[in-house]
Amino acid sequence: MRAARFYGAAEPLRLEDIDKPVPGTDEVLVEIRAAGICGTDLHIALEGTIPTSHTPITLGHEGAGVVAATGDGVTGWEVGDRVCFLPHVPCGGCWYCTRGREALCPQTQILGLRRDGTFAEFTTVPARCLVALPPDIPFEQGAVLTDAVATAYHALAVRGAMQPGETVAVIGCGGVGYHVVLLARKLGAARLIAIDIDRGALRRAKEAHADAVLHPRDDVAEQVRVLTDGLGADLAVECVGRAETVTTALKCLRRSGRAVVVGVGPERVTLPPLQAFVGMDLALLGSMGFDRADLEAVIDMARRRELNLAGSLGELVPLAEINGAMQRLAERKTDSVRVVIVL
């Protein structure tokens with residue numbers, strides 16, 4: 001089979017013919033039909049800021065396709081079933097897995113980081129990682145649902161516990177942030193404020209029905225207060241991963257507001273003085289990935305036409321053009337929310 005293999009940072013991925021994997025006990029072989037390019041892939045391949053467990057390795061963790069074969073012990077899945085799957089392979093038996101928090105499993109193997117991923121014609125995953133993809137959801141949308149959308153949903157609805165009628169500020173409106181905007185509107189946000197340095201990202205947020213879009217060259221927190229009658233946002237979702245933007249998220253909050261951090265980076269965050277942080281009853285929460293229940297929820301929303309993902313998909317490129325697509329993303333030379341590899 002054909003696969004895009006990672007050998008080292010700043011090197012182009014190598015398109016190679018390698019052996020098609022064979023599903024082991026309790027595993028399935030999935031024929032990949034679509035695979036999204038995530039910012040994590042850029043951090044690994046172009047920046048070298050996220051290490052893989054070994055090289056060479058097939059990158060990619062967003063994927064959708066069809067079951068091509070099943071290993072011993074697999075029940076409930078048949079060849080030809082349309083599926084997407086968790087991008088992390090949890091152990092299935094630890095404290096976190098047994099409570100539905102698979103993303104926090106200490107033994108998890110993330111596709112494209114610790115085991116071969118989705119930038120290939122086939123990959124194998126344990127059957128417990130599969131989620132059925134309804135026939136009316138295209139594979140390209142299915143791939144995006146498996147991270148960019150489900151991660152946004154987990155941050156907004158689970159960690160942030162967003163309630164209808166609340167004011168939500170979204171800081172960073174790229175792949176995940178765009179979907180936070182999209183979901184916040186669908187989940188009943190009364191006022192939705194999008195913040196980004198990129199004009200294209202702000203335009204897309206407006207198209208996703210943000211009420212206001214702000215550029216951080218001005219005092220964002222002050223602008224948010226003007227837009228909220230002096231109160232501030234009930235919930236701020238930070239999707240950048242920088243200390244500066246986490247601070248901005250906290251400053252945007254009203255008393256008893258919540259800030260949820262989705263962005264990941266190496267910088268150390270400083271809390272406001274405790275007199276202000278405690279005195280205003282603020283909450284600062286991290287949000288790591290998503291769990292099976294989150295993926296099932298967004299698939300159901302898409303199935304019921306409650307979530308329009310038409311704006312999520314930009315470029316659809318063949319596997320042979322993956323290096324060019326990743327470079328355009330890194331250099332911001334594409335206007336796509338998500339670039340998807342189609343096979």
Side-chain angles (χ1 to χ4, degrees), residues 36-43 62 144-160 162 166-187 189 191-217 220-221 223-224 227 233-253 258-265 267 284-290 294 298 301 307-314 329-330 332 334-340:
I37 301 178
C38 177
T40 300
D41 300 308
L42 305 183
H43 296 323
E62 297 183 350
V144 173
L145 285 164
T146 64
D147 187 7
V149 183
T151 295
Y153 179 87
H154 183 77
L156 184 69
V158 180
R159 296 296 285 159
M162 195 209 100
E166 290 191 317
T167 294
V168 180
V170 184
I171 302 169
C173 299
V176 173
Y178 169 85
H179 291 105
V180 173
V181 173
L182 196 68
L183 286 161
R185 179 56 72 210
K186 295 299 180 184
L187 295 176
R191 188 178 284 111
L192 187 52
I193 303 166
I195 303 155
D196 203 293
I197 62 172
D198 183 81
R199 297 293 183 185
L202 292 177
R203 174 182 54 76
R204 291 190 294 271
K206 193 69 174 176
E207 291 170 354
H209 304 295
D211 296 300
V213 295
L214 305 178
H215 192 286
R217 66 184 178 190
V220 168
Q223 293 180 77
V224 169
L227 292 168
D234 298 280
L235 174 64
V237 183
E238 194 275 351
C239 303
V240 180
R242 295 187 59 193
E244 178 184 6
T245 46
V246 173
T247 297
T248 297
L250 287 167
K251 288 182 176 179
C252 287
L253 297 177
R258 297 100 63 205
V260 177
V261 180
V262 186
V264 177
E267 298 179 4
L284 177 62
L285 303 164
S287 183
M288 173 58 190
F290 63 92
D294 304 314
V298 295
M301 291 176 70
L307 192 60
N308 182 5
L309 298 178
S312 304
L313 302 176
L329 279 168
R332 296 177 180 261
T334 177
D335 196 35
S336 301
V337 174
R338 250 321 183 249
V339 174
V340 178

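All of these numbers come straight from a predicted model, not from anything done at the bench. Position 1 is the first residue of the sequence, and the numbers go up from there.
Listed here is the closest heavy atom pair of Leu307 and Val298: CD2-O, 4.2 Å. Closest non-hydrogen pair, Asp294 versus Val158, comes out as OD1-CG2, 3.3 Å. The minimum heavy-atom distance linking Gly263 with Val261 is given by the pair O-CG1, 3.5 Å. Across Met162 and Leu187, no two heavy atoms sit closer than the pair CE-O, 3.3 Å. For the residue pair Asp196 and Pro216, the shortest heavy atom distance occurs at O-CD, 3.2 Å. Nearest heavy atom pair, residue Ala236 against residue Ala249, reads CB-O, 3.7 Å.
The backbone N or O of Glu166 lies less than 3.5 Å from no partner atom in the side chain of Arg191, so there is not a single donor-acceptor pair. No donor-acceptor pair under 3.5 Å is formed between the side chain of Glu207 and the backbone N or O of His209. When atom types are taken as modelled, the side chain of Thr151 and the backbone of Ala148 share no donor-acceptor pair closer than 3.5 angstrom. With hydrogens and angles ignored, the 3.5 Å screen pairs no side-chain donor or acceptor of Arg338 with any backbone N or O of Val144. A side-chain donor-acceptor contact under 3.5 Å links His215 to the backbone of Ile197.
Between the OH atom in Tyr153 and the CG atom in Leu182 there is a gap of 13.5 Å [rounded to 0.5 Å]. Thr248 OG1 to Arg242 CZ: the interatomic distance, rounded to the nearest 0.5 Å, is 9.5 Å. Distance SG/Cys252 to CD/Gln223: 9.5 Å, rounded to 0.5 Å. Rounded to the nearest 0.5 angstrom, Leu235 CG and Arg258 CZ are separated by 5.0 Å. Atom CD1 of Ile193 sits about 6.5 Å away from atom CD1 of Ile195, to the nearest 0.5 Å. If you take CG on Leu192 and CG on Leu183, they are separated by 10.5 Å, rounding to the nearest 0.5 Å.
Here Arg185 pairs with Asp211 in a salt bridge; the nearest charged N to carboxylate O distance falls below 4.0 Å. With respect to the salt-bridge test (charged N to carboxylate O, under 4.0 angstrom), the residues Arg332 and Asp198 qualify.
Using a 4.5 Å cut-off on side-chain heavy atoms (C-beta onward), Leu42 and Leu329 make contact. Counting heavy atoms from C-beta on, the side chains of Arg204 and Cys173 never come closer than 4.5 Å. Looking at Val340 and Leu313, their side chains come closer than 4.5 Å, going by heavy atoms from C-beta outward.
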Item to complete: Please step through side chain to side chain contact (heavy atoms under 4.5 Å, CB included) for the pair His43 and Val264, ending with a clear verdict.
Response: CA-CA 11 Å; His43 296 323; Val264 177; over 6 Å; no

Worksheet item: Can you check side chain to side chain contact (heavy atoms under 4.5 Å, CB included) on Leu214 and Leu227, steps first, answer last?
Response: CA-CA 11 Å; Leu214 305 178; Leu227 292 168; 4.3 Å; yes

Item to complete: Could you give me the CA-CA distance, side-chain angles and deciding distance for Leu145 and Leu309, then say whether side chain to side chain contact (heavy atoms under 4.5 Å, CB included) is met?
Response: CA-CA 9 Å; Leu145 285 164; Leu309 298 178; 3.7 Å; yes

Item to complete: Starting from the C-alpha separation in whole Å, work towards a yes-or-no answer on side chain to side chain donor-acceptor pair (under 3.5 Å) for Thr146 and Glu62.
Response: CA-CA 6 Å; Thr146 64; Glu62 297 183 350; 5.2 Å; no

Item to complete: Check step by step if side chain to side chain contact (heavy atoms under 4.5 Å, CB included) holds for Val176 and Val237.
Response: CA-CA 10 Å; Val176 173; Val237 183; over 6 Å; no

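When the shell of 6.0 Å around CD of Glu244 is examined, it contains 12 or fewer heavy atoms from other residues, nucleotides or ligands.
Scored by the side-chain contact (heavy atoms from CB on, under 4.5 Å) test, Thr247 finds Lys251 as partners (sequence neighbours excluded).
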